[in-house]
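Here it is, the structure in full.
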Amino acid sequence: MLKRYLARRLVIAIPSLLIASVIVFTLPRLIPGDAVQLMLAETSYAKDLDELRRKLGLDRALHVQYVDWASRAIRGDLGESLWTRRPVVEELARRLPVSAELALYAMVIAVAIALPIGVLAAAHQDTIADYLARSVAILGLSVPSFWLATLLIVMPAIWWGWRPLTGFTELHQDPLGHVTQLLLPAAILGIASAAALMRLTRGMLLEALRQDYVRTAQAKGLGQPTVIVKHGLRNAVIPVITLLGTQLPLILGGTVVIETIFGLPGVGRFLFDAINQRDYPVIQGVNLLVVSTVVVVNLGVDVLYGVLDPRIRY
């Protein structure tokens, strides 16, 4: 049954990627401005504009450009940057480890904050600890990450003369400095996700603790920590895993602003620069990478569903 379950999820994932590729290809061309005009910096030379458009292949019909791009993307060729003239795949491969590491740290921080506080709030419902946890969660959901990042850069510099390291430290040069440099932006990215995960963990655990099997475990004399962790949390964590999968696009989207603020050479900053330059192949390549990652992660979440709860397979 698990193989059939996985096959159904794969059938759903393929058309999702196809529809996403059409959106990814079309939306960048709706951005105001013309990449060719930006490259020439002069709009009066019509001959040069037409010649550059033909050279870049932008003079063809939109559907022809899409078919050509999609056929090459299937083979792993995302084209060349209009500005650097380097393959987009090489540019992404150089920057992807930074963004992936930043997103991983953000997810770990979010889970490390959300699960203990969510369990604590549920175990002490309607107490000061519960009210405080819920208030902090609402605050975490309300504060924009770019505002918090700017605040954490400006205020320590004004009060204590401290500011985050500028530039970027490679892992092989200084492992400790590299990890330390990423912790602050990762924590900022993970705060909003931690708040959402904490609220859901609390709610689902409270619902699980009201079930008959939990009352039976309590009647057998099991301790409260055992009942919560072994019987309650295991059943409450499945919706939390779903939310964790949906938080990944938000974290990846947040890297665009965070990497720009902290000067990190990741995919998010690469996309920010590409949007300013109307670099269509780069915008398409980054967005296709993000969409593919989200589809794969959601597929992994579905697989994990089947492993954690055999009832899902049916």
Side-chain angles (χ1 to χ4, degrees), residues 27-28 31-33 38 91-92 94-114 117 132-171 173-174 176-199 243-244 246-279 282-283 286-287 289-290 293-294:
L27 285 182
I31 300 175
L38 289 175
E91 297 280 9
L92 291 178
R94 189 157 53 92
R95 293 170 170 83
L96 183 59
V98 178
S99 297
E101 191 176 1
L102 182 62
L104 176 62
Y105 291 164
M107 296 285 277
V108 171
I109 290 173
V111 173
I113 294 174
I117 296 180
L132 181 60
R134 283 188 284 174
S135 300
V136 171
I138 294 174
L139 181 63
L141 290 171
S142 305
V143 175
S145 61
F146 68 87
W147 180 84
L148 183 59
T150 305
L151 187 69
L152 292 179
I153 291 176
V154 174
M155 299 310 293
I158 295 175
W159 291 342
W160 304 298
W162 177 89
R163 62 179 182 177
L165 295 175
T166 57
F168 181 70
T169 305
E170 297 288 348
L171 180 62
Q173 294 175 346
D174 183 4
L176 181 60
H178 173 82
V179 174
T180 304
Q181 187 179 25
L182 292 178
L183 285 180
L184 180 58
I188 295 172
L189 276 176
I191 284 176
S193 297
L197 290 171
M198 190 280 288
R199 286 172 59 86
L243 183 61
L244 187 62
T246 61
Q247 289 297 306
L248 180 62
L250 300 178
I251 291 177
L252 293 177
T255 59
V256 177
V257 176
I258 296 299
E259 288 178 0
T260 303
I261 293 176
F262 285 91
L264 301 176
V267 174
R269 185 178 178 184
F270 189 39
L271 176 62
F272 180 81
D273 294 337
I275 292 174
N276 288 331
Q277 297 171 338
R278 312 299 189 271
D279 198 340
V282 172
I283 299 174
V286 173
N287 286 324
L289 174 66
V290 172
T293 302
V294 171

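Numbers here are sequence positions counted from 1.
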> Hey, are the side chains of Ile191 and Val143 touching, using non-hydrogen atoms and a 4.5 Å cut-off?
Replying inline: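 Ile191 does not reach Val143 side chain to side chain.
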> Looking at Leu184, Leu182, Leu102, which hits side-chain contact (heavy atoms from CB on, under 4.5 Å) with Phe262?
Replying inline: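 Running side-chain contact (heavy atoms from CB on, under 4.5 Å) over Leu184, Leu182, Leu102 with Phe262 returns exactly one hit, Leu184.
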> Could you state the interatomic distance from CG (Leu96) to OG1 (Thr293), rounded to the nearest 0.5 Å?
Replying inline: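 OG1 of Thr293 is found 7.5 Å from CG of Leu96.
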>> Using 0.5 Å steps for rounding, measure from the CG atom of Leu92 to the CG atom of Leu271.
In response: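 Atom-to-atom, Leu92:CG and Leu271:CG are 10.0 Å apart.
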>> To the closest 0.5 Å, what do you measure between CZ (Arg95) and OG1 (Thr255)?
In response: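 Nearest 0.5 Å value for the CZ-OG1 distance: 13.0 Å.
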> If you take all heavy atoms of Ile117 and Ala133, which pair is closest and at what distance?
Replying inline: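 Taking Ile117 first and Ala133 second, the nearest heavy atoms are CG2-CB, 3.7 Å.
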>> Looking at every heavy atom in both Gly190 and Ala110, which two are closest together, and how far apart are they?
In response: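 Distance-wise, the nearest heavy atoms are O-CB, 3.5 Å.
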>> Tell me the closest heavy-atom pair linking Ala194 and Ala114, and the distance in Å.
In response: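 Heavy atoms only, the tightest pair is O-CB, 3.4 Å.
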> What pair of heavy atoms forms the shortest contact from Val267 to Glu259, and how long is it?
Replying inline: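 Closest approach of Val267 to Glu259: N-OE1, 3.5 Å.
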> Between atom OG1 of Thr260 and atom CG of Asn276, what is the distance when rounded to the nearest 0.5 Å?
Replying inline: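 Here the interatomic distance stands at 9.0 Å.
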> So how far is it from Ser99 OG to Ile251 CD1, rounded to the nearest 0.5 Å?
Replying inline: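 Interatomic distance, Ser99 OG to Ile251 CD1, rounded to 0.5 Å: 12.5 Å.
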> At what distance, to the nearest 0.5 angstrom, does CG of Leu104 lie from CD1 of Ile109?
Replying inline: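 With rounding to 0.5 Å, CG (Leu104) is 9.5 Å from CD1 (Ile109).
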>> Using a 6.0 Å cut-off, check whether atom CZ of Arg199 has over 12 heavy atoms from anything other than its own residue.
In response: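 Atom CZ in Arg199 is not packed in, count stays at 12 or less.
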>> I need the minimum non-hydrogen distance between Ala106 and Leu189, along with the two atoms involved.
In response: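 What the structure gives for the nearest pair is CB-CB, 3.8 Å.
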> Any idea which heavy atoms bring Met198 and Ala137 closest together, and the distance?
Replying inline: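 Closest heavy-atom pair between Met198 and Ala137: CE-CB, 3.1 Å.
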